[in-house]
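Inspection log for the structure reproduced underneath, given as structure tokens.
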Amino acid sequence: MAISKKTTYASVRTTFQNKANFFKTLANQTMGSTSSKRPSPAQLNSFSKWIDKGAILQNVSNTQLNRWAGATSKSKNWSTASAKTMLSKQFGKTSIKAVAFSKTGGFIVATSPTRNGRNFRFTTK
């Protein structure tokens, strides 16, 4: 069964649109007032390289991190390293590529687009 050109173009267009939206998210992190909890230029460049390699960006709040970590970590102040460690334990090391603070609070996370053969989006358990 041959794949139609229309289907092929639609999937390519979707990929380009998603990448453009991810780069817009990174660009938005550079605008506005400065904050101590904001990605550094090096982190933003690292995230752009992950996007080029096919990773997707997802936002995670401190509340979500606390929920996924369990009752013992309520109201924990997360660092990027501790957030990445916890997310890697919860979702797998190969799924979590990079973690950085978001200027609006919480974190931006670069993840693989799929996990266990399915589209990967953070969900609460």
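Atoms considered below: every heavy atom in the structure, side chains included; atoms not considered: hydrogens, waters and symmetry mates. Remember, it's a predicted structure, so these values are computed and weren't measured experimentally. Sequence positions, counted from 1, serve as the residue numbers for this chain.
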Practice problem: Any pair with a residue in residues 15-27 that passes side-chain hydrogen bond (donor to acceptor under 3.5 Å, both in side chains), sequence neighbours left out, goes on the list, sorted by first then second residue, please. | Solution: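 Listed once each, the pairs would be none.
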Quiz prompt | Thr104: side-chain hydrogen bond (donor to acceptor under 3.5 Å, both in side chains) partners, not counting sequence neighbours | solution =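 For Thr104, the residues satisfying side-chain hydrogen bond (donor to acceptor under 3.5 Å, both in side chains) (neighbours in sequence not counted) are Ser102.
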Quiz prompt | Non-neighbouring partners of Ser48 that pass side-chain hydrogen bond (donor to acceptor under 3.5 Å, both in side chains), sequence neighbours left out | solution = none
On a heavy-atom basis, which atom in [X] and which in [Y] lie closest, and how many Å separate them?
X	Y	answer
Lys84	Lys97	NZ-O, 3.2 Å
Pro113	Ala55	CD-CA, 4.5 Å
Thr80	Ala100	CG2-CA, 3.8 Å

Quiz prompt | Fellow cluster residues of Val12, listed by chain then number, with links counted only when side-chain atoms sit under 4.5 Å apart | solution = Phe16
Quiz prompt | Shared-cluster residues of Ile51, by chain and number - hydrophobic side chains joined below 4.5 Å | solution = Phe22, Phe23, Leu26, Leu44, Phe47, Ile56, Leu57, Ile108
Quiz item: Going through the checks in order, is the side-chain contact (heavy atoms from CB on, under 4.5 Å) test met by Gln58 and Phe120?
Solution: CA-CA 10 Å; Gln58 300 189 57; Phe120 178 52; 3.9 Å; yes
Exercise. Describe, in one word, how the ring planes of Phe122 and Trp68 are oriented to each other, choosing from parallel (under 30°), tilted (30 to 60°) and perpendicular (over 60°).
Key: tilted
Quiz item: Can you tell me how far OG1 of Thr85 sits from CD1 of Ile96, rounded to the nearest 0.5 angstrom?
Solution: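 Going from the CD1 atom of Ile96 to the OG1 atom of Thr85 covers 11.0 Å.
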Quiz item: Roughly how far apart are Gln64 CD and Met86 CE, rounded to 0.5 Å?
Solution: 9.5 Å
Practice problem: Tell me, please, which residues at least two apart from Ser82 pass side chain to side chain contact (heavy atoms under 4.5 Å, CB included). | Solution: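 Ser82: side chain to side chain contact (heavy atoms under 4.5 Å, CB included) contacts with Lys76, Trp78, Ser79.
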Quiz item: Sequence neighbours excluded, which residues qualify as side chain to side chain contact (heavy atoms under 4.5 Å, CB included) partners of Thr114?
Solution: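 Side chain to side chain contact (heavy atoms under 4.5 Å, CB included) list for Thr114, sorted by chain: Asn119.
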Practice problem: Please answer whether the main-chain N or O of Lys103 pairs with a side-chain N or O of Gln29 as donor and acceptor at a distance below 3.5 Å. | Solution: yes
Exercise. Output, in order, the C-alpha distance, side-chain angles, deciding distance and verdict of side-chain contact (heavy atoms from CB on, under 4.5 Å) for Phe91 and Thr111.
Key: CA-CA 10 Å; Phe91 298 102; Thr111 67; over 6 Å; no
